[in-house]
Amino acid sequence: MTTTSPGANHEGLDAVLAHLERLKALNAASGNDLTVKRRLLDSYFAADPAILTIRGRVEPLLIPVRDGRVIAAERLRPDDPSGTAGRYLLYLHGGSWMAGSAASHRPLAARLAQACRAEVISIDYRLAPEYPFPAGLEDCLDAWAWLAEEHGDAPLLLAGDSAGGNLVLACLNALGSAGQRRPDAALAFSPATDLDWESDSLHRKADVEPILDPELLPLIAQLYLGQSPAAALDDPRVSPIEGDLSGLPPTLIQCGEAEILLDDSRRYAEQARQSGSPVQLSLWPDMPHVFVGFAPRLAAARQALEEIRHFVDSHLP
């Protein structure tokens, strides 16, 4: 099912777009300094102080992963401990597989804890280019295995945005191939689903895209895979659209219509539905990349959180 939200409230959109356009200009001016680019992307949601003010409790966490390592994470709970409904959500942040963190996405993760009535575990998976594919995906899968072992009887969700949305859908493919437990529901916000970058919207929407540059996407994919790639671009763990999309859990994909990754969401959702999977695509006119993260300043983001609340409550106990 595809839904379009013609009644999306545009209150706050001008401020968000101005913020994103400034970030894009600063990113272009930063040259090849990855440290600077990472600091800029840490400010992705900082369009208004209200966005960065969160409700709920946050505590640091270490999650054991393969090879005896641990990864850092944050545990986020709603204000009211009884408001979790016994649910757990693993969150995978965005940032082009090279940036972002649990801290940078804390406002969105905290609001998802409220909307989903869940305890959210937001992880710092390894980033490229220092740790190319499959390092980040392995961390996500290991964190999922840990969550499933710790809370196997509870309703479990998996969610992420942009590159993190890609990792969510890649995890679904990998878990399905391995015959392992998949989440009871999944959420993906503006996911990249095809790293061959064959979606028409990459060019059709370039004039209205405030933050992403379609000319840089092949370079980003190259840096993600590394100098000696462990997989091809059409590997289902890299490009989720290439996987067997049958048997997926209920999945909500939210995407703005003013972003170049629009058709990545459209194509994935259509292919999944043709495979018999219950994937709901929700399109939002004039909204930018991962717009849901700009609540409460952006009214449409508040509406999107309500949609998430309804979706999760309709599929989970």
Side-chain angles (χ1 to χ4, degrees), residues 16-47 52 71-72 92-106 108 122-140 160-167 170 189-199 201-203 205-235 237-239 256 258-262 264 288-291 293-294:
V16 168
L17 293 180
H19 168 71
L20 293 179
E21 288 163 0
R22 177 169 174 75
L23 271 185
K24 185 176 184 178
L26 291 172
N27 188 50
S30 67
N32 296 322
D33 192 323
L34 183 56
T35 299
V36 174
K37 291 181 181 297
R38 284 173 170 164
R39 294 299 171 267
L40 290 172
L41 283 172
D42 282 346
S43 301
Y44 188 86
F45 296 119
L52 304 180
I71 57 175
L92 312 179
H93 67 78
S96 299
W97 305 276
M98 296 185 295
S101 66
S104 68
H105 284 62
R106 188 180 298 146
L108 176 53
S122 183
I123 67 169
D124 284 326
Y125 56 84
R126 287 172 290 176
L127 300 175
E130 295 92 338
Y131 299 98
F133 176 89
L137 178 61
E138 288 177 348
D139 286 349
C140 296
D161 66 282
S162 193
N166 165 278
L167 289 169
F189 311 122
S190 304
T193 67
D194 177 10
L195 270 64
D196 270 320
W197 309 117
E198 294 181 343
S199 290
S201 58
L202 294 175
H203 305 289
K205 292 291 184 177
D207 289 343
V208 296
E209 167 66 66
I211 186 68
L212 299 180
D213 185 343
E215 301 302 321
L216 294 179
L217 295 181
L219 174 61
I220 291 172
Q222 180 182 346
L223 292 171
Y224 175 44
L225 292 182
Q227 294 183 348
S228 301
L233 290 171
D234 62 357
D235 188 300
R237 300 169 299 161
V238 176
S239 295
E259 58 172 306
I260 58 176
L261 293 183
L262 170 62
D264 272 38
H289 191 58
V290 197
F291 71 93
F294 293 100

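Since we're looking at a predicted model, the values are computed, not measured.
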Student: If you take all heavy atoms of V290 and S190, which pair is closest and at what distance?
Tutor: N-OG, 3.0 Å
Student: Taking the side chain as every heavy atom from C-beta outward, state whether C140 and I123 have any atom pair closer than 4.5 Å.
Tutor: yes
Student: For the residue pair V238 and N166, what are the closest heavy atoms and their distance?
Tutor: O-ND2, 2.9 Å
Student: What distance do F294 atom CZ and L17 atom CG have between them, rounded to the nearest 0.5 Å?
Tutor: 9.0 Å
Student: Are any of the side-chain heavy atoms of P288 and I211 separated by less than 4.5 Å?
Tutor: no
Student: Scan the side chains in residues 212-221 for donor-acceptor partners under 3.5 Å anywhere in the protein, sequence neighbours excluded, and list what turns up.
Tutor:
unit_1, atom_1, unit_2, atom_2, d
D213, OD1, E215, N, 2.9

Student: Which atom names give the shortest non-hydrogen contact between A230 and R237, and what distance separates them?
Tutor: O-NH2, 4.2 Å
Student: Using modelled atom types only, decide if a donor and an acceptor are shared between the side chain of S239 and the backbone of D234 within a distance under 3.5 Å.
Tutor: no
Student: Going by side-chain hydrogen bond (donor to acceptor under 3.5 Å, both in side chains), name the residues that satisfy it together with S162, two or more places apart in sequence or in a different chain.
Tutor: H289
Student: Between D264 and D194, is there a donor-acceptor pair closer than 3.5 Å when you use the side chain of the first and the backbone of the second?
Tutor: yes
Student: How long is the span from the CD1 atom in I260 to the CG atom in D207, to the nearest 0.5 Å?
Tutor: 11.5 Å
Student: Are the side chain of S199 and the backbone of S201 linked by a donor-acceptor contact shorter than 3.5 Å?
Tutor: no
Student: Is any side-chain heavy atom of L167 closer than 4.5 Å to a side-chain heavy atom of W97?
Tutor: yes
Student: With sequence neighbours excluded, what pairs up with S30 under the side-chain hydrogen bond (donor to acceptor under 3.5 Å, both in side chains) test?
Tutor: K37
Student: I want to check something: taking the side chain as every heavy atom from C-beta on, are L20 and Y44 in contact at a cut-off of under 4.5 Å?
Tutor: yes
Student: Please list all pairs passing the salt bridge (charged side-chain N to carboxylate O under 4.0 Å, His left out) test where one or both residues lie in residues 124-140, with sequence neighbours left out.
Tutor: R38-E130, R66-E138, R69-D139, R126-E138, R126-D139
Student: Listed by chain and number, what are the side-chain hydrogen bond (donor to acceptor under 3.5 Å, both in side chains) partners of H105, not counting sequence neighbours?
Tutor: D161
Student: For a quick test of reading the model, state the closest non-hydrogen atom pair linking A231 to L225 and the distance between them.
Tutor: O-CD1, 3.9 Å
Student: Of the non-hydrogen atoms in L41 and A99, which two are nearest, and what is the gap between them?
Tutor: CD1-CB, 3.6 Å
Student: Taking side chain as C-beta onward, heavy atoms only, is F45 less than 4.5 Å from V16?
Tutor: no
Student: May I ask you to test the R22-L26 pair for a side-chain heavy-atom distance under 4.5 Å?
Tutor: yes
Student: Which heavy atom in S43 sits nearest to a heavy atom in H19, and how many Å separate them?
Tutor: O-NE2, 2.9 Å
Student: Hey, does P129 have a side-chain heavy atom less than 4.5 Å from the side chain of M98?
Tutor: yes
Student: Hey, could you give me the NZ/CG distance between K205 and L261, rounded to the nearest 0.5 Å?
Tutor: 12.5 Å
Student: Who pairs with S122 by side-chain hydrogen bond (donor to acceptor under 3.5 Å, both in side chains), at least two apart in sequence or on another chain?
Tutor: none
